[in-house]
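Take a look at the structure set out below.
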Amino acid sequence: MCTDNPGVWEYIANWARKHSIWVLAYGTGCGAIEMPPTMTSRYDAERFGLRGAATPRQADLLIISGYLATKTLKRVIRTYEQMYDPKYVLALGSCTINGGMYWDSYNTIKKLDLYIPVDVYVAGCMPRPEAIIEGIIALQKRIEEGRAEGAKKYRENIEWYKKNQREVFGDEMLPDYTWNFEGGI
Amino acid sequence: MSTGMRIVDIIAYPFIAFLIGMLYMGIARNIIGRIHRRWGPPVLQNLIDVFKLYRKREAGSHGVMFHLGPIIMVTGVVTCLYFIPMLSDGRWLKGFSFDGDLILVTYLMVLGALGMALGVGQGGVPFGVMGVTRGLTRLIGLEIPYFIAIIVLMAHYNTASINKIIELQAGGLSNWAMFKVPLAFIASLFSFWGMMGASPFDIPGAPQEVASGPATEFGGKYLALMMSSRGIFGFLKLTLWVDLFMGGAANLLILVGKTFVLFVTVLFVTSVYSRFKVEQAVDFMWRYPTIIGLIALVIEMVR
Amino acid sequence: MIGPHNIVLIPVVIGILAYFAGKLVRPVREGLTLLSSLFVCYVVLFKAGLNTIGIYTYNFSLPQYFDGFRFGNNGFSWYFAVIIAFSYLFVSLASFPLVKDKEYHGSFYLFFNIVAGALLGIVYSRDLVSFFIFWEIMTWSSYFLVVMNPNTKGKTGLTYIVFNVAGAYAMLTAMLIVYSYAGSFHFDRVVKAVSLMTNSTVFFISLLFAIGFLVKMATMPLHIWAPDAYTESEDSFTPFFSGTLSKMGVYGFILFFGMLIGFVNIKGVYEIKDTSLIGYIVAWLGVVTSVFATFRAIVQDEIKRLLAYSSIAQVGYIVTAMAVGTALGVAGALYHALIHSVIKLLLFITVAGVIYRTGKNKFSELGGLITRMPLSYLAVLFGIIGLAGMPPFGGFASKWVIYMSLIKNHYYFLLIGMIVSSTAAFLYCYKLIYGIFLGHPSSQGLMEVKEVPGFLWVPQIVLMMVLMLTGFFPGYIVPFIETAMKGIGFSVAFNSTSAYTLSAALGGFNGFVVINVLGAIFVFVFVWYTLFFPKSKRLHRLDIYWAAETPDENTPLHYGYGIGAELDRIPWVGMSLRTHITRFYEKTGEQISGIASVLKDVVFNGDGQIYMLYAILTLVSIFLLMGR
Amino acid sequence: MIERFLMNTHYIVLIGVILLLIIGFFGALTKRNLIKILIALGIADTGVNLFFITIGYISGKTAPIFSKNGLTASQMVDPVPQALVLTAIVIGVAVLALGLSIIIRVYEHYGTLNVSRIKRMRG
Amino acid sequence: MSLNPILMIAVPLFVAFSIPLLGYIHKKAGLYAMSATLLFNTFLSFSTLPHAFEKPIRVIIAGYKPPFGINLAITPFSIFLACLISLMGFIVSIYLLKDETTETQEKFSMLILLVVMGATGIVLTGDIFNMFVFLEIMSISSYALTSIRKDRKGSEAGIKFLLVGSISSTFLLLGIAIIYNQLGTLNMADIARRFSQMNPKLAFAAVSFLFLGLGIESEMFPLNAWAPDVYQGAPAPVAALFSAVTVKAGLYAMIRFLYTISNNSSFIKLLMLFGIATVIVSELSALKQTDVKRMLGYSSLGQIGVILFAVGIGTKTALEGAVFHFVNHAVLKATMFLSIGLLAKYAGGSSFEELKGIGKKYPFLAGVFAIGALGVMGFPPLNGFMSKLMILTAAAKAEHVVLVMLVLAASVVEGFYYFRVLQVMFREPEPTRIEKRSVSLAFVIPLVVLVGMIVGIGLFPGVLMPYFKGAAMDILSRGDYISVMLSGGGAL
């Protein structure tokens with residue numbers, strides 16, 4: 001029962017991954033305030049199998065909910081690298097798409113995609129809970145079709161991502177033990 | 001009851017507990033959702049979660065002991081399960097309960113948690129250690145009312161083997177231990193909620209304070225193992241309480257029925273009360289349940 | 001022929017020989033000690049015979065007045081002799097590397113051998129005088145071992161000697177009273193004499209004997225000396241100190257209260273809940289000791305002090321079990337005595353090795369040694385499983401017997417007290433293994449540490465085997481316990497049939513099945529997990545969830561040593577941690593020295609004339625008082 | 001017995017002995033000066049010697065001088081106590097002499113003879 | 001029996017007074033003469049020991065048969081003590097050969113001889129006034145010995161000793177005078193025979209005077225205030241001699257007087273109470289001492305208290321224990337004082353500060369001191385244990401359980417302060433200011449012999465047991481003492 005032969009087994013796995021997404025709600029901007037209504041009674045994202053995850057080790061979905069200062073980006077990258085393989089990123093708000101209203105600010109990130117692979121963008125200067133749930137459903141469809149392979153993408157062109165990150169961080173790079181591993185269990 | 005059937009019976013033992021346990025947790029999340037006036041996840045949500053975690057492609061480990069931590073936890077829980085008879089007819093689903101007694105079961109319940117703690121230790125996350133310390137300190141509080149209750153039971157039925165206790169409770173509702181030694185049952189209920197991790201007592205794994213405590217550093221397949229062992233553990237405690245206080249179960253259906261009734265009491269407590277601090281939990285446990293238990297003990301000694 | 005009577009001399013003579021021979025050739029000391037310990041083990045196991053009730057009167061030119069020493073051996077002394085012999089062997093093995101380059105190398109081997117000889121003497125003596133003589137030799141020779149390493153406080157030694165000598169003299173007074181009734185010191189004559197004593201005398205001598213033995217077992221009001229003495233005694237002697245010396249208190253208590261005075265006689269005096277008043281009080285002392293000592297152990301930062309308090313707590317269980325005087329209780333006490341000395345030997349030897357290698361003895365300075373010292377980790381793991389009384393190993397079996405004895409005889413409140421302390425024991429067990437081996441190394445030096453010296457592996461592995469053996473076959477020890485019990489006249493308590501099971505009054509369990517089930521499941525899950533899942537990545541030490549921050553080399557991550565800090569906030573436990581009985585003893589100490597200095601200055605005030613006045617006054621007082 | 005005792009010793013001498021003893025001890029206990037104490041002890045000593053002599057005295061008999069011819073044993077007083085007193089006197093003298101030499105030494109060191117101040121060694 | 005026991009007194013007397021002459025031949029001749037005579041004395045006493053144990057010997061001097069002439073009454077108890085005294089004297093004399101206090105005064109050896117001769121005289125004499133004379137000789141020479149060093153401490157101790165000593169001699173003389181007045185005789189056996197015929201009031205007065213006088217000599221509680229100062233002030237070998245010899249003579253006189261002569265049970269009971277008081281007071285006051293020699297003085301008083309307590313009990317086993325404790329106390333105290341003397345000499349003083357860490361610098365001497373300390377405390381393998389056990393067993397047999405507990409409590413206190421000293425010596429870091437000097441042989445031999453005796457007696461007490469039994473019988477059997485001394489015995 002090895003893991004990555006496409007066939008039926010993978011289909012079932014994707015079905016399970018679709019229906020149980022554990023969210024690491026990263027309150028990095030104004031979008032964080034939208035997360036509670038989506039999870040609680042009125043919009044109840046738990047119906048879709050969403051559940052808050054306390055640590056990146058347990059999480060599948062990383063929601064970046066707003067502008068990203070370079071300082072916050074370092075934390076986001078470390079968290080992303082600590083998550084395990086089928087991991088997805090949902091970027092809320094226009095600030096993650098093209099810098100939004102901070103398009104000319106000196107210390108915000110203009111395009112999130114340069115630094116970590118993003119699965120679904122939800123535009124809007126802070127999308128409402130319905131829009132977030134819409135984004136999640138889109139994400140679930142991607143997972144079902146098996147196209148939500150952000151982790152593989154990050155692994156394959158790690159140099160490119162690291163080059164972009166080094167441009168932003170300069171010499172204060174993150175330690176690299178979070179992404180390249182020697183063997184052993 | 002050929003040996004072949006006996007082997008199937010033994011192998012099926014933990015899986016039955018796993019399924020029912022996961023089912024109960026799913027139902028619990030659904031009911032709590034309904035209490036919050038929202039739909040809540042589907043009943044099989046927990047099973048899906050566990051299956052998803054099993055199919056995670058990556059998992060990190062901090063060393064051999066880290067790798068063995070969850071394994072020992074499952075081992076401890078399943079071993080403890082084997083020493084508690086699910087059905088009281090003595091033929092099916094009785095595990096190895098005839099080889100052990102109540103004190104053995106009490107200590108086996110804690111074995112899993114201690115094994116897990118070793119894994120958490122090597123994980124090196126300070127949150128993990130804090131979670132373990134809170135868990136063990138809470139245990140000091142929980143163990144006392146529970147032990148007083150089982151002392152009363154042992155004194156009342158003058159035996160320590162669970163099967164014999166079930167037999168002595170046969171014959172109708174009136175001579176269940178629940179009614180024979182009601183105060184002891186009430187005292188044990190408090191510690192039951194504590195051990196189930198019901199809300200006022202879910203101190204070790206509190207996500208807000210200690211980032212899910214012991215499970216902080218465990219992801220992927222290890223988390224799956226921990227969730228399934230928590231499911232089995234839930235069901236294990238339910239069957240134990242049913243055996244001790246509600247006269248055991250003749251067949252699986254009665255078992256599910258009785259355990260579900262007991263499980264509902266946990267729900268009421270979880271959804272209403274907010275979390276205790278550790279010292280509040282221990283102080284609470286040593287105050288009311290212990291006094292109730294002692295009263296039961298005195299009544300027992302007088303008789 | 002070598003027998004119980006002259007086995008005592010072997011270690012003592014060899015100790016003295018080793019001391020002087022060692023001045024010429026240093027390693028002679030190790031060789032001789034090893035030789036003597038092996039020889040003692042051989043004699044104890046085979047030569048002395050299981051229940052040869054031989055009495056070797058040994059009139060070595062003593063004044064006819066004492067009509068001779070008497071030595072003998074029966075199941076009961078054999079049981080304790082085996083504990084002594086093997087711990088003597090293991091501790092001497094462990095001490096070779098640890099004491100090799102210390103400057104008190106010679107005197108260590110001298111006093112260590114003398115103590116071992118004295119213990120054998122105690123166990124084999126069959127009359128009160130030889131019992132007392134070897135008890136005193138044990139006291140003063142262990143005193144020198146306590147004060148041996150220079151960085152200990154002087155006060156420790158003095159507190160140790162005052163308590164133990166006072167306890168020994170309490171015992172001596174009781175022996176003399178018994179002698180004045182019995183006319184002889186031999187055990188058989190004493191047993192006859194005790195039955196004709198009046199109730200109040202029986203109560204008085206059992207009180208004095210109780211004091212003598214409780215001091216040795218460090219039970220609560222008399223335990224002041226124990227934590228400091230265990231912590232500050234020479235590292236390689238502490239296993240022997242806490243593992244075996246405290247068992248002499250157990251041996252004495254059972255021997256005197258079981259056989260000589262007899263529980264039935266004491267019960268006749270004042271009876272409460274069908275046991276003797278003294279027994280009941282001592283049982284409660286045992287429980288109080290174990291509860292207080294366990295909570296005190298949790299908050300310690302020094303490794304050896306934690307283990308010291310844990311020894312006091314564990315011996316507290318033994319005291320409770322045997323004090324109530326029931327057959328099953330005494331059996332439980334004997335079983336737990338064996339298990340406790342095995343565990344304490346294992347833990348203290350390993351800790352001594354760790355301290356020897358790292359040079360640090362505090363949890364806050366250690367951590368993360370599991371990768372460097374795997375065998376020691378395993379040893380401590382086995383040790384804490386035994387200490388906490390967890391099922392797979394022998395620790396559970398002995399605790400189970402003690403619980404069963406308390407339930408069977410309806411001492412429920414004693415049992416509840418014991419449960420509080422045995423549950424709290426999990427905390428200090430976890431702290432012990434976490435503080436040293438798990439978590440993060442507190443300093444860089446810990447990463448280059450080597451495994452404990454080779455000599456320590458032998459005791460560690462053998463003791464681990466013993467723990468597993470008692471786990472696999474809990475009933476294996478039962479026949480030896482029963483012969484021991486018959487040796488002091490107790491009826492048989494167990495009704496377990498085979499070596500696999502252990503069953504007594506209310507229930508029983510099959511250790512073999514427990515371990516097999518555990519093993520089977522473990523293997524199954526381990527195989528399933530290691531083969532059928534993607535290999536997990538080896539994460540870096542600092543690659544931990546740190547709220548998205550990046551911890552570097554010197555962020556303090558080894559939080560575990562703070563376990564127990566939260567106990568202060570728990571009302572009852574906090575109060576127990578704050579009360580100190582040492583204040584009471586310090587005050588009495590000041591009182592006595594106050595009287596002493598007043599007396600000294602008043603009576604001997606240096607003025608010649610006053611001395612003459614004393615003479616005249618005495619004359620006048622003699623005339624007045626005696627004159628009429 | 002008392003009559004025999006009183007009969008052959010003069011009443012006065014007995015009172016003298018008691019007086020001497022009282023003076024001696026009174027002096028030894030109250031006087032501060034070391035030399036005075038020694039003198040007082042000497043007085044007590046002579047008191048005892050006097051007592052010893054009076055014991056041996058038989059009224060109407062003379063001193064026991066054997067060399068004098070014509071003196072029979074019956075006329076002599078009991079000679080034994082007198083012999084003893086001789087040795088006692090010698091001892092008294094020896095003690096006195098030794099005491100005085102030690103007092104000189106004490107005076108050199110302490111500069112005073114007041115006994116209440118010679119107590120460096122106490123407690 | 002070739003030599004007449006009287007030589008035990010005559011030879012030392014003769015040599016003592018010829019020593020100043022020997023001084024001219026060779027400066028050290030006096031010392032060698034002294035130890036030679038003491039050796040002769042030991043040899044003579046040990047040779048007469050077996051004979052005396054068969055039958056007490058009565059030595060007639062100058063032809064006058066008792067009860068008229070002065071004669072020696074050599075009973076088992078007295079000859080045993082004579083052996084002990086001469087042996088101890090000889091051992092201390094070997095020590096003195098090299099001790100520097102003797103270089104300055106050649107009179108030193110004469111005084112030592114006089115003390116030993118006086119003690120032997122007390123022990124052997126059968127005449128009460130003769131005992132008084134010997135007592136005085138011994139006291140005067142010990143006053144002189146105490147202040148031999150002419151330093152402040154010595155002279156202060158000497159003067160105090162002299163004052164209290166002269167009071168004791170006054171009362172002794174008074175007591176003897178009354179006895180002579182009533183019974184007309186000075187021979188002990190004769191007095192013992194007719195003691196009951198005395199006028200009860202005067203008998204009581206005589207007994208109390210003598211009790212007081214001898215009490216001062218045998219360091220009983222209210223009367224022993226002078227002892228600590230003397231033990232501290234006198235040079236160490238002299239202190240060793242006092243504790244081993246002079247106190248023994250005083251105790252012998254007390255026992256002989258109370259048991260054989262007056263046989264007054266109420267005073268024996270009083271002696272027991274005073275014994276207990278001595279033990280408690282001296283052990284307690286030793287607790288707060290800062291000077292080791294003074295502390296040893298108090299501990300010596302404590303041990304004597306135990307002996308008095310044992311004598312006071314009066315049963316046969318108690319007396320055996322007392323005699324055994326005589327021997328142990330003499331041996332132990334001699335070892336302790338000699339070793340502390342040397343340690344103090346090398347460390348420049350005997351207080352705790354000066355002796356810090358001396359154990360590391362002089363391991364042999366400190367080791368001997370430690371063995372002595374363990375012996376005094378009564379730890380089993382050494383000799384102190386057996387005698388203390390015998391005494392306590394006898395006390396328990398005689399229903400004095402409370403007193404037994406008091407003695408044991410006192411020995412706990414004793415354990416405390418001895419181990420405190422040992423810790424000061426062995427555990428403190430090595431003192432830099434003291435340089436290691438080699439210990440000369442004359443010091444080592446006596447210490448080795450004494451340690452040998454401690455361990456020997458400790459391991460094989462049975463060897464001396466018959467002598468203790470004989471001595472105890474002798475004390476108790478008043479009747480045949482009288483009969484032997486008066487009627488016949490080994491006429492010599």
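Chain letters run A, B, ... following the sequence lines, proteins first and then strands; every chain starts at 1.
- Of the inter-residue distances, the one linking D:I118 atom CD1 with E:R152 atom CZ reads 11.5 Å to the nearest 0.5 angstrom.
- A donor-acceptor pair under 3.5 Å is formed between the side chain of E:E156 and the backbone N or O of D:R120.
- By the neighbour-count criterion of 12 heavy atoms within 6.0 Å, atom OH of D:Y107 is sparsely surrounded, having that number or fewer from other residues, nucleotides or ligands.
- Listed by chain and number, the residues in a ring-ring contact (aromatic ring centres under 6.0 Å, His included) with E:Y417 amount to none (sequence neighbours excluded).
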- [ ] Test side chain to side chain contact (heavy atoms under 4.5 Å, CB included) on E:L173 and D:D45 and set out the steps.
- [x] CA-CA 9 Å; E:L173 209 56; D:D45 206 16; 4.3 Å; yes

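- Looking at D:L34, only its side chain comes within 4.5 Å of chain E, counting heavy atoms on both sides.
- Residue E:I137: no heavy atom, backbone or side chain, is found under 4.5 Å from chain D.
- For E:A157, the parts sitting under 4.5 Å from any heavy atom of chain D are the backbone and the side chain alike.
- Atom OG of E:S155 and atom CD1 of D:I103 lie 11.0 Å apart (nearest 0.5 Å).
- Under the ring-ring contact (aromatic ring centres under 6.0 Å, His included) criterion, D:F25 pairs with E:F171, not counting sequence neighbours.
- Contacts between E:K160 and chain D at a heavy-atom distance below 4.5 Å involve the side chain alone, from C-beta outward.
- In this structure, the side chains of E:Y180 and D:D78 come closer than 4.5 Å at one or more pairs of heavy atoms.
- Proximity to chain D involves both the backbone and the side chain of E:T170, based on heavy atoms less than 4.5 angstrom apart.
- In terms of the ring-ring contact (aromatic ring centres under 6.0 Å, His included) criterion, D:F52 has no residue partners (sequence neighbours excluded).
- Interface remark: E:L162 contributes side-chain atoms only to the contact with chain D (heavy atom separation under 4.5 Å).
- Scanning residues 84-95 of chain D against chain E with a 4.5 Å heavy-atom cutoff picks out D:L84, D:T87, D:A88, D:I91, D:A94, D:V95, ordered by number.
- Only the side chain of D:L41 has a heavy atom closer than 4.5 Å to any heavy atom of chain E.
- Distance OG/E:S139 to CG/D:L98: 11.0 Å, rounded to 0.5 Å.
- Residue E:K153 comes nearest to D:M121 through the heavy atom pair O-CE, 3.4 Å, listed as atom of the first residue, atom of the second, then distance.
- E:A177 and D:I55 get closest at one heavy-atom pair: O-CD1, 3.2 Å.
- Taken from NZ in D:K119 to CG in E:D229, the straight-line distance is 11.5 Å, to the nearest 0.5 Å.
- Interface remark: E:Y143 contributes backbone and side-chain atoms alike to the contact with chain D (heavy atom separation under 4.5 Å).
- Note on D:G47, D:G24, D:P81: by heavy-atom pairs under 4.5 Å with chain E, the leading option is D:P81.
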Task: side chain to side chain contact (heavy atoms under 4.5 Å, CB included) assessment of E:I159 paired with D:V115 - done: CA-CA 10 Å; E:I159 192 66; D:V115 77; over 6 Å; no

